[in-house]
Enquirer: 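Encoded as structure tokens, here's the structure I'll be asking about.
Chain letters run A, B, ... following the sequence lines, proteins first and then strands; every chain starts at 1.
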Amino acid sequence: MKQQPPKKQFEKKVAPEDTLRLLAQVAPPTGLAERIETRLSSARLIEAEPVRQRWWQVSFLTAFPRTAAASLILCAVIGGGIGLYQSHKSSTLPPPVRFSSGGMGAAGAIRVAPAGVVPPTGTSPRTAPKSFHGRAVIQAGHKTRPKGVVVPNTPPPMEKKVNPTDEQ
Amino acid sequence: MSTSSVQLTGAQVAGWMGSTFTSEQEQANNNTAAITALVEQYSTVLYRVAYSVTRNIAEAEDAVQETFLRVLRHRNELGEIRDHRVWLIRIVWNIVLDRKRRAKTRPETEDIEEFARLLVASDVSAVDHAIASQQHAYILKEIDRLPEKERRVLLLSAFEELSTAQIAGILETTESAVRARLFRARRQLQAAMEKERRRG
């Protein structure tokens with residue numbers, strides 16, 4: 001038996017309409033309609049569940065108890081915050097002002113120090129000289145040298161005539 | 001001021017609520033039945049329309065499911081639709097085109113030759129099968145080269161159940177535009193086939 005070349009066996013040329021027809025007649029996968037129904041059933045179940053309402057969708061009657069509770073909580077929070085603020089403020093305030101006499105309000109208030117200020121002992125009066133001929137004068141009461149002053153170990157200065165050559 | 005307001009009795013309210021509930025339940029049942037009927041009647045043609053664009057079995061099926069989900073969301077408008085076929089095909093058409101535009105994954109049959117082999121009947125001889133699939137692959141490539149508007153009209157014209165008016169409704173254009181685009185598409189395909197015939 002002669003074997004015909006493939007080209008002669010299949011002489012019919014495919015037309016574009018044939019291709020398009022094949023495209024339009026493709027068999028759908030088995031069970032397509034059942035799977036669609038299953039998916040629709042799931043979607044219906046999800047729809048049937050109670051939907052969370054947005055705040056503008058909630059009616060007054062259903063929202064009143066919730067609104068009242070929320071308002072109470074809010075008031076408690078704000079009140080607590082104000083109370084905390086007040087107590088904190090009072091703890092940082094200075095001690096109350098003592099009036100010297102029975103005056104009214106803060107107009108006559110005079111701040112009175114709790115105790116008098118005592119000057120430190122062992123200090124020289126401000127008028128005492130601090131230097132003599134350029135040298136620091138150590139007061140008799142000083143047991144230690146004052147800070148910042150370097151005093152060389154020299155005998156106390158004697159009174160002598162000023163020689164221009166000594167002055168430096 | 002007269003106090004002649006109507007006082008509804010408890011029985012009247014219960015009766016009113018009962019009747020309202022019954023009508024709502026009936027409407028829900030009617031909608032479910034209507035959608036089920038649409039699925040049985042149009043799921044196949046919708047799948048074929050989706051497949052002609054996507055050339056992917058899973059994507060085509062997903063598009064059909066999405067179509068009926070949208071029908072479910074708009075079930076209250078079913079009574080207002082005049083032509084359910086056109087309405088449904090328009091929905092699935094827009095879905096597949098939108099997904100194709102945003103598609104990042106390649107189609108299942110990346111190779112057109114591979115896709116063409118699926119189109120040819122399996123009961124022919126292997127040689128005939130190879131030759132036919134080769135020719136179909138060439139035609140599919142030429143169809144893909146067509147301008148977008150002409151290609152869409154050509155694909156929809158393959159569905160015998162769709163008239164020119166219905167195709168115009170799906171594509172939201174006029175009948176004359178559909179005819180003009182169809183004419184140009186077929187002429188371009190004929191020219192391509194002629195060129196191939198002279199070559200071979």
Enquirer: Return the CG to CG distance between B:L154 and A:L20, rounded to the nearest 0.5 Å.
Expert: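 Nearest 0.5 Å value for the CG-CG distance: 4.5 Å.
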Enquirer: Measuring from atom CG of A:L40 to atom CG of B:L38, what distance do you get when rounded to the nearest 0.5 angstrom?
Expert: 10.5 Å
Enquirer: To the nearest 0.5 Å, tell me how far B:L46 CG sits from A:L32 CG.
Expert: 9.0 Å
Enquirer: Based on non-hydrogen pairs under 4.5 Å, which of B:R73, B:H136, B:E40 is most in contact with chain A?
Expert: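 The answer is B:H136.
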Enquirer: Between CG of B:L119 and CG of A:L22, what distance do you get to the nearest 0.5 Å?
Expert: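 Reported value, rounded in 0.5 Å steps: 5.5 Å.
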Enquirer: Under 4.5 Å, counting heavy-atom pairs only, tell me which of A:A43, A:P29, A:A27, A:A15 racks up the most with chain B.
Expert: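 Highest number of heavy-atom pairs under 4.5 Å: A:P29.
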Enquirer: Is atom CD of B:Q134 surrounded by more than 12 heavy atoms (other residues, nucleotides or ligands) closer than 6.0 Å?
Expert: no
Enquirer: Contact part of B:T67 toward chain A, heavy-atom cut-off under 4.5 Å: side chain, backbone, both or neither?
Expert: neither
Enquirer: How far apart are the C-alpha atoms of A:D18 and B:Q135, what are their side-chain angles, what is the distance that settles it, and do they pass the side-chain contact (heavy atoms from CB on, under 4.5 Å) test?
Expert: CA-CA 10 Å; A:D18 300 328; B:Q135 293 180 0; over 6 Å; no
Enquirer: Starting from B:L156, can I reach B:F183 by hopping between I/L/V/M/F/W/Y residues whose side chains sit under 4.5 Å apart?
Expert: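 No.
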Enquirer: Would you indicate whether B:E160, at its atom CD, is surrounded by more than 12 heavy atoms from other residues, nucleotides or ligands within a distance under 6.0 Å?
Expert: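 Atom CD in B:E160 is not crowded, with 12 or fewer foreign heavy atoms closer than 6.0 Å.
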Enquirer: Between atom CZ of A:R21 and atom CZ of B:F159, what is the distance when rounded to the nearest 0.5 Å?
Expert: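 These two atoms lie 13.0 Å from each other.
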Enquirer: Kindly compute the distance separating CG (A:L23) from CZ (B:F115), expressed to the nearest 0.5 Å.
Expert: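 So the gap between those two atoms works out to 5.0 Å.
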Enquirer: Is the shortest side-chain heavy-atom distance between B:M193 and A:P16 below 4.5 Å?
Expert: yes
Enquirer: So that I can tick it off, tell me whether B:D62 and A:R39 are bridged by a salt bridge, with the cut-off set at under 4.0 angstrom between side-chain N and carboxylate O.
Expert: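 Answer for the salt bridge query: yes.
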Enquirer: For the candidates B:L69, B:T44, B:I35, which exhibits the highest count of non-hydrogen atom pairs separated by less than 4.5 Å from chain A?
Expert: B:L69
Enquirer: Quick one: closest heavy-atom pair of A:A24 and B:A158, and the distance?
Expert: CB-O, 3.5 Å
Enquirer: Given the options B:L189, B:L72, B:V71, which has more heavy-atom pairs under 4.5 Å with chain A than any of the others?
Expert: B:L72
Enquirer: Would you say A:L74 ends up clustered with A:I82 if hydrophobic residues are merged whenever their side chains have heavy atoms under 4.5 Å apart, either directly or through other cluster members?
Expert: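 Linked within one cluster.
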Enquirer: Determine the minimum heavy-atom distance between A:R35 and B:Q65, stating which atoms define it.
Expert: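 Residues A:R35 and B:Q65, closest heavy atoms: CB-NE2, 3.8 Å.
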